[in-house]
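Not measured: the values here are computed from a predicted model. Chain naming here is simple, since letters A, B, ... match the order of the sequence lines and numbering starts at 1 in each.
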2 protein chains.
Amino acid sequence: MQVFGDYGYVGATTAQIARAAGVSQPYVVQTFGTKEQLFLAVIEQALDRLLAAFAEVVETPPGDSGDTDSSDESTLAGRLGAAYVDQLEDRGLLLSLMHAFVLGRDPVIGRVGREGFMKVYRYLRDVAGFSPQEVRGFLAEGMLINTMVGLRMIDDVDTDPDVEQLLECSFEGKLDKVRALAAADVAGSPG
Amino acid sequence: MQVFGDYGYVGATTAQIARAAGVSQPYVVQTFGTKEQLFLAVIEQALDRLLAAFAEVVETPPGDSGDTDSSDESTLAGRLGAAYVDQLEDRGLLLSLMHAFVLGRDPVIGRVGREGFMKVYRYLRDVAGFSPQEVRGFLAEGMLINTMVGLRMIDDVDTDPDVEQLLECSFEGKLDKVRALAAADVAGSPG
DNA sequence: GTCATGAGTTATCAAGCGATAACAAATCCC
DNA sequence: GGGATTTGTTATCGCTTGATAACTCATGAC
């Protein structure tokens, strides 16, 4: 998931993935059959984890979460948004999904990507109880987050005040956490 | 721009680009020096066209545009949003940008992508006069549009009522136009 | 003990890729 | 009209990549 998130489906090589996993390259291919099937497994797992995080928010009554951040943690939308940002801890999760989302032309990845995206749409509408317009707004903010993460905008937050302004009004109280995650990222990347 | 939009930076081959341009593959490489420089040229041009479209909206007084769509064409944000959707006519423009945006790890594409994204941010804030929060909301809707276009969500609009609901409340009056553009897309793709 | 099985390796291949070199032909300049 | 320059081509190379084949080696059943 990390490697696909960093380099995309085409850009990531099975050799890189094998190195990150500490195994040999042929073993990666042998285990999953093909690179495409491995990517689909990654996408499926990423989606499962995301929806599981949403489910935990929906099933948990509000007010007892550890952090009392800003960006109204009181509303359901605010709590789901916080859970979404928390998925950044799973390195490559949101980015692997995003890479799948921009490959809709691919006959198999495109179908899986559309199904996955609509699965999230239906969850937010039917389980979280959002209106279509509310879902759309929520997804829009999510896609903006994905984009800024993919751009590694956090790398410029200290040198460009405009970047700081944008990230500040996007992540608000969670910005420091995002900073820490990005710092841990570069430290743990094997090059 | 079309080829990069369809297959991404890594996925698009110089041979595909050459075929789409009606020239030989080595000529593409020879003309732009390298595939990376060609992609950067595409990104630069895409950004120029997008900002030029925004500039035309800002400089044109409201009320005299040909189409009187919904999604309040009266406000500046609504007119800029319509101009953004109009960029779908430039096939691959928004998608090429999106592909660059998810490759922020790349040392050169990442830097250009961040600069380009922030150029749009500054334009909307300083020229269009948006507040940072307004810019963020506008960009979020743009990234959602990019994602749905990248997913080719329009392919499922007739078979999945939920997709129709999502696209309807996203594009509103412009949905028919988007449909027509997608139909022209598949017709004009050389495979 | 030994045989089967699962887990993993090394060695290697065929194909596709971006890039380079050498060449061909049209166009321009004077 | 003939050299120079631009605009393109064909042929080909070296490298990378995903995939395959054949082999090794623990482990456990009986």
Are B/F4 and B/L38 side-chain neighbours, meaning at least one heavy-atom pair lies under 4.5 Å? yes
Sugar-phosphate only, base, or nothing, as touched by A/S24 at under 4.0 Å among non-hydrogen atoms: base
Give A/A12 one of three labels, base, sugar-phosphate or nothing, depending on what nucleic acid heavy atoms sit under 4.0 Å from its own. sugar-phosphate
Are the side chains of B/D185 and A/R105 in contact, using a 4.5 Å heavy-atom criterion? yes
Interatomic distance where CD belongs to B/Q25 and C1' belongs to D/dT9 [whole Å]: 12 Å
Quickly work out the A/I17 CD1 to D/dT16 C1' distance and round it to whole Å. 15 Å
Please give me every residue in residues 27-40 of chain A whose heavy atoms get under 4.0 Å of an atom in DNA chain D, ordered by residue number. A/V29, A/T34, A/K35
Should A/T14 be listed as having a side-chain N or O under 4.0 Å from OP1 or OP2 of D/dG18? yes
Going by heavy atoms in the side chains, are B/M143 and A/M148 under 4.5 Å from each other? no
Establish, for the pair A/K177 and A/F171, whether the NZ or CZ atom is under 6.0 angstrom from the six-membered ring centre and no further than 45 degrees off its axis. no
Ionic contact status for A/R79 with A/D86, cut-off 4.0 Å: no
Boundaries of the chain A footprint along DNA chain C (any atom under 4.0 Å from a heavy atom): C/dA7 to C/dA11
So, A/D162 and B/R125, do they make that salt bridge, N to O below 4.0 Å? yes
Is it true that A/D160 and B/R114 make a salt bridge, defined as a side-chain N closer than 4.0 Å to a carboxylate O? no
Should the pair B/K35 and B/Y9 be classed as cation-pi, given the thresholds of under 6.0 Å to the six-membered ring centre and 45° from the axis? yes
